[in-house]
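This report refers to the structure that appears directly beneath it.
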Amino acid sequence: MQIEHAVAFVSGANRGVGAGFIETLLARGASKVYAAARDPSAIVSTDPRVVRVALDITHPEQVAEAARLATDVTLLINNAGVNALERMLEPRDEEAARAEMEVNYFGNLQMCRAFAPALVANGGAIVNILSILARVSLPAMGSLCASKAAALRLTEGVRAELAGRGVRVLGVLPGAIDTDMSRHLPPPKLSVSEVVDATLAALDGGPDEVYVGDMAAGVAGGLAAAREATQKQFAGYL
Ligand SMILES: NC(=O)c1ccc[n+]([C@@H]2O[C@H](COP(=O)([O-])OP(=O)(O)OC[C@H]3O[C@@H](n4cnc5c(N)ncnc54)[C@H](OP(=O)(O)O)[C@@H]3O)[C@@H](O)[C@H]2O)c1
């Protein structure tokens with residue numbers, strides 16, 4: 001799909017990757033951009049095409065209200081996500097794994113359900129920002145990996161249900177990105193613009209599953225060629 005004249009809705013738009021999408025969508029000629037955030041006053045753009053929306057994706061009534069507002073949407077970018085940096089066993093916070101599922105899986109599922117009718121009516125696309133950790137487990141953030149794996153299955157399921165109804169469904173699987181979420185990680189990290197550009201390129205005739213960066217592409221290739229060896233390599237990154 002073309003970004004020019006698109007009507008986009010981006011969750012988690014106040015910082016990181018979400019803020020990068022807002023800036024690039026506007027620069028590439030989107031006619032309207034709904035910028036959604038838990039605190040919409042944190043969205044800094046003064047562009048008149050920006051519509052600020054208060055949205056916590058774990059609050060079903062806010063999700064429903066956002067979908068009622070944005071009936072002209074043609075591009076939904078489910079970007080909001082959390083990473084509690086918790087292991088599977090002996091977590092510091094027993095509730096963290098559930099909180100990750102609430103945002104990364106259930107929140108994004110609710111978004112897809114609420115926005116699908118307008119997208120089917122208007123034609124367009126859903127983009128789910130996942131992670132390469134949807135495909136492989138990194139012990140230091142094992143519960144995040146499980147929530148992103150669930151979101152990958154969610155993406156595949158929604159894609160299947162919308163096939164033939166005029167809505168593409170993309171899953172974006174980047175490696176580490178240089179945002180607040182990965183501030184503790186050493187380089188190399190992807191820039192926000194690398195993730196945004198790869199996503200928009202995929203919307204314009206690219207694949208439905210978008211591996212951003214050499215690391216993510218290497219993991220996908222490794223899993224295809226030598227699944228257990230690739231899994232063991234990640235299991236060693238304690
Ligand atoms: N950074 C990485 O290394 C990396 C790698 C692969 C994939 N990703 C994915 O990329 C996406 C964007 O992350 P980022 O790197 O830009 O991280 P970030 O800077 O931490 O931003 C996360 C965004 O999600 C929002 N958010 C969290 N919980 C929410 C909720 N319940 N409802 C609505 N918004 C919520 C945050 O809002 P608040 O400001 O209100 O907290 C913030 O806007 C996420 O899905 C993440 O999993 C990141």
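Order of listing sets the numbers, starting from 1, for every ligand and every atom in it.
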> Just how far is it from atom OG of S137 to atom CD of Q231, taken to the nearest 0.5 Å?
Replying inline: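 CD of Q231 is found 9.0 Å from OG of S137.
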> Heavy atoms under 4.0 Å from ligand 1: which residues qualify?
Replying inline: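 Near ligand 1, by chain and number: G12, N14, R15, G16, V17, R38, L55, D56, I57, T58, N79, A80, G81, V82, V103, I129, L130, S131, K148, P174, G175, A176, I177, T179, D180, M181, S182.
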> What's the verdict on side chain to side chain donor-acceptor pair (under 3.5 Å) for T58 and E102, showing C-alpha distance, side-chain angles and the deciding distance?
Replying inline: CA-CA 6 Å; T58 66; E102 284 297 336; over 6 Å; no
> Do V127 and I3 belong to the same hydrophobic cluster, where Ile, Leu, Val, Met, Phe, Trp and Tyr are linked whenever their side-chain heavy atoms lie under 4.5 Å apart, directly or via other members?
Replying inline: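 Same cluster.
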> Does F115 share a hydrophobic cluster with F106, counting links as ILVMFWY side-chain heavy atoms below 4.5 Å and allowing steps through other members?
Replying inline: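 Shared cluster, yes.
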> Residues in side chain to side chain contact (heavy atoms under 4.5 Å, CB included) with T24, at least two apart?
Replying inline: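 For T24, the residues satisfying side chain to side chain contact (heavy atoms under 4.5 Å, CB included) (neighbours in sequence not counted) are R28, V196, D197, L200.
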>> Checking S41 against D39 for the side chain to side chain donor-acceptor pair (under 3.5 Å) test, could you report, in this order, the C-alpha distance in whole Å, the side-chain angles of both residues, the deciding distance, and whether it holds?
In response: CA-CA 5 Å; S41 71; D39 174 9; 2.6 Å; yes
